[in-house]
Amino acid sequence: MDFPENEKQSLNFIEQIIEEDLKNNNNEGRIHLRFPPEPNGYLHIGHAKSICLNFGLANHYNGLCNLRFDDTNPEKEDVEYVESIMEDIQWLGFEWDQEAYYASDYFDQLYDWAVKLIKDGKAYVDEQAQSLISEQRGVPTRPGINSPYRDRPIEENLRLFEGMKNGEFETGAMILRAKIDMSSPNMHMRDPIMYRILHQDHHRSGDKWCIYPMYDYAHGQSDFIEGITHSVCTLEFEIHRPLYDWFLDQIVEGNYRPRQIEFARLNLSYTVMSKRKLLQLVEENLVNGWDDPRMPTISGLRRRGYTPESIRRFAERIGVAKRDNVIDVGLLEFSVREHLNEIAPRVFAVLNPVKVIITNYPEGQSEEVELINNPEDPEGGSRIVPFSREIYIERDDFMEDPPKKFFRMGPGREVRLKGAYIVKCEDYKKDENGAITEIYCTADMDSKSGGAGASRKVKGTLHWVSAQHAIDAEVRVYDRLFLDEDPAGHKDKDFKEFMNPESLKVLPACKLEPSLADVKAGDSFQFQRLGYFCVDKESSADALVFNRTVPLRDSWSKRK
RNA sequence: UGUCCGAUGGUGUAAUGGUAGCACUUGUGAUUUUGGUUCAUACAGUCAAGGUUCGAAUCCUUGUCGGACAACCA
């Protein structure tokens with residue numbers, strides 16, 4: 001028998017490139033990536049895809065991955081974002097090489113290279129009005145025209161650029177431009193801007209600089225400084241690649257050279273992903289901050305109860321390619337259910353309680369029943385839950401006039417109280433509005449779980465909480481933030497018009513089994529038959545607060 | 001009327017000239033003291049037309065459709 005020793009695994013196109021480079025010993029066989037966020041907002045699930053990709057590739061090929069803050073625009077950036085970004089990456093389970101890097105640490109080097117470009121006759125200072133410059137740039141289908149300052153003498157360029165650096169000119173008065181080709185079909189090659197004047201303090205370099213490099217001039221050079229071999233970014237930078245390469249051409253001397261590779265960013269159904277829109281939701285108080293559990297931010301997902309593992313699995317499952325894609329948000333939910341199913345202890349929690357009185361159970365008596373913590377985890381052990389004459393069950397688990405397929409409680413029907421007895425509904429009471437107030441049952445006292453008469457089968461099994469032992473909690477039931485599959489995809493309508501008015505329902509009076517008395521923020525549980533829930537950061541010992549991460553799959557409500 | 005990129009089941013993603021596979025979704029059935037999990041099973045795909053070839057999702061040509069690009073943002 002000969003089985004293939006190693007099943008040939010399929011590689012995504014970036015892995016293919018890397019393996020090809022490895023085979024050819026390009027860059028001495030080094031693999032060095034980087035994740036380069038701009039610290040101008042919180043990271044979201046789309047960034048998580050990129051983080052898992054870059055750090056994952058580095059891990060897999062025994063390479064390195066840097067964290068580099070692309071902080072070349074002090075007008076939008078802030079240390080608050082730097083800190084949240086670091087926290088999110090670490091939480092996801094990744095480590096960057098060395099300290100975090102900052103493009104702003106390269107400003108001196110970048111400046112020197114710019115001077116070199118001027119000396120080489122490849123850059124010039126333009127002092128025209130912004131509107132004129134943009135007019136001269138033309139449009140994609142028509143070439144642009146040269147700036148009258150394009151052939152300014154080198155000495156003058158040098159003097160002016162130094163003046164720019166020294167603060168001799170107002171913000172916006174001049175720019176440094178690369179001298180490339182104003183008739184290029186690629187707009188980015190039409191003498192792109194390298195430096196602009198910005199009299200603005202920077203969150204790291206303070207007031208040292210009043211000129212700042214543009215992304216295109218800073219990014220490839222930063223990659224080069226750090227020894228990056230594969231500079232992975234999203235598709236919209238594809239058209240920048242010739243410029244990335246052009247700037248590199250001006251400084252590369254040896255054999256080492258970084259290479260830009262573009263992949264398709266993540267889009268999620270029923271979600272908006274742009275930083276601008278997320279910022280809008282936060283600033284207009286449409287959600288409760290960047291870490292609102294409804295936000296697709298990493299901090300929001302964390303607070304919602306998503307595990308790092310579940311996000312990594314999700315990133316693995318969606319793959320990497322160059323075609324535009326929209327991932328069903330259901331796949332994200334699948335990933336978190338899958339992981340939580342493996343690790344979350346099961347507990348009883350009644351979200352919409354209705355009281356059940358077991359009339360043949362002695363008053364004032366109670367007993368302990370033992371319940372398995374997690375049937376998926378053999379090491380999970382068990383716990384004790386008190387049972388007594390008065391219990392709460394879920395309001396939805398009772399119907400006055402149930403259809404035949406309703407396997408729960410109804411007049412005259414028998415159900416199993418999980419871990420305890422089979423009970424039969426004998427009667428119930430309603431208030432003046434017709435709402436059920438109390439349900440009366442009799443228990444089959446021989447049917448206790450684990451006992452001799454327990455093998456008898458009934459159709460339904462309910463979770464329950466002993467009324468006198470129950471602890472109270474608030475449960476926040478989250479649902480998707482938008483009702484439309486592509487909220488940002490309507491030309492004539494604002495994405496906010498599609499917000500789900502019921503994305504958050506607060507249930508203030510839930511009843512939990514007493515073992516939940518001393519949980520801590522972040523703990524995850526399966527509320528049996530309901531879903532996965534985690535302890536919110538606002539929870540305290542005397543005011544428990546849980547967030548619903550995701551409901552269980554529910555083939556019952558679907559058939560209704 | 002530009003340049004660049006892309007097109008495989010409903011959604012993603014493999015197959016790199018040789019059996020179109022996997023996951024999610026959906027349907028059906030089994031198991032189940034969670035209408036969960038698990039297991040089994042089914043539905044469903046190569047944008048179009050030509051060409052090269054014994055053989056094309058893959059190579060070539062043309063077309064169609066989709067996306068990106070005209071910030072002193074990244």
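A quick note: this is a predicted structure, and the numbers were derived from the prediction, not measured. Residue numbers begin at 1 in each chain, while the letters A, B, ... track the order of the sequences.
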Please check the phosphate of [N] (OP1 and OP2 only) for any side-chain N or O of [X] closer than 4.0 Å.
X: A:Lys76; N: B:A74; result: no
X: A:Arg313; N: B:A23; result: no
X: A:Arg323; N: B:A7; result: yes
X: A:Ser335; N: B:C24; result: no

Cation-pi between [X] and [Y]: NZ/CZ under 6.0 Å from ring centre and within 45° of the ring axis?
X: A:Arg480; Y: A:Tyr270; result: yes
X: A:Arg204; Y: A:Tyr102; result: yes
X: A:Lys165; Y: A:Tyr111; result: yes

Out of [options], whichever nucleotide has its closest atom nearest the side chain of [X]:
X: A:Phe334; options: B:C24, B:A70, B:U34; answer: B:C24
X: A:Arg529; options: B:G12, B:C5, B:U34; answer: B:U34
X: A:Met214; options: B:A71, B:C5, B:U33; answer: B:A71
X: A:Asn73; options: B:U33, B:A71, B:A74; answer: B:A74
X: A:Gln16; options: B:A15, B:A23, B:U33; answer: B:A15
X: A:Ile239; options: B:U33, B:A74, B:U3; answer: B:U3
X: A:Asn12; options: B:A14, B:U3, B:C73; answer: B:A14
X: A:Pro185; options: B:G2, B:G35, B:U33; answer: B:G2
X: A:Ile193; options: B:C72, B:G2, B:A14; answer: B:C72
X: A:Arg196; options: B:G2, B:C4, B:A74; answer: B:A74

Below 3.5 Å between N/O atoms, which protein atoms pair up with nucleotides 36-38 of chain B? Just atom names and distances, please.
unit_1	atom_1	unit_2	atom_2	d
B:G36	OP1	A:Ser555	OG	3.0
B:G36	N2	A:Glu376	OE2	2.8
B:U37	OP1	A:Arg553	NH1	3.4
B:U37	OP2	A:Arg553	NH1	3.1
B:U37	O2'	A:Asn341	ND2	3.3
B:U37	O2'	A:Glu376	OE1	3.1
B:U37	O2'	A:Glu376	OE2	3.2

Would you indicate what [X] reaches in the nucleic acid, counting non-hydrogen atoms under 4.0 angstrom: base, sugar-phosphate, or nothing?
X: A:Gly138; answer: sugar-phosphate
X: A:Arg241; answer: nothing
X: A:Gly330; answer: nothing
X: A:Ile175; answer: base
X: A:Gln528; answer: base
X: A:Gln130; answer: base
X: A:Val458; answer: nothing
X: A:His240; answer: base
X: A:Phe406; answer: base
X: A:Ala454; answer: base
X: A:Lys459; answer: nothing
X: A:Phe237; answer: base

Distance, rounded to the nearest Å, where [X] contributes [atom1] and [N] contributes [atom2]:
X: A:Ile372; N: B:U32; atom1: CD1; atom2: C1'; result: 14 Å
X: A:His219; N: B:C73; atom1: NE2; atom2: P; result: 17 Å
X: A:Glu485; N: B:G10; atom1: CD; atom2: P; result: 14 Å
X: A:Phe387; N: B:U33; atom1: CZ; atom2: C1'; result: 14 Å

Planes under 30° and centres closer than 5.5 Å, is that true for A:Trp556 with the base of B:G35? yes
Salt-bridge test for [X] and [Y]: reply yes if a basic N is under 4.0 Å from a carboxylate O, no otherwise.
X: A:Arg313; Y: A:Glu316; result: no
X: A:Glu38; Y: A:Lys275; result: no
X: A:Asp191; Y: A:Arg150; result: yes
X: A:Glu414; Y: A:Arg456; result: yes

Close aromatic pair by centroid cut-off 6.0 Å: A:Tyr215 and A:Phe237: yes
Taking atom types as they are modelled, is there a donor-acceptor pair under 3.5 Å from the base of B:U1 to the side chain of A:Thr141? no
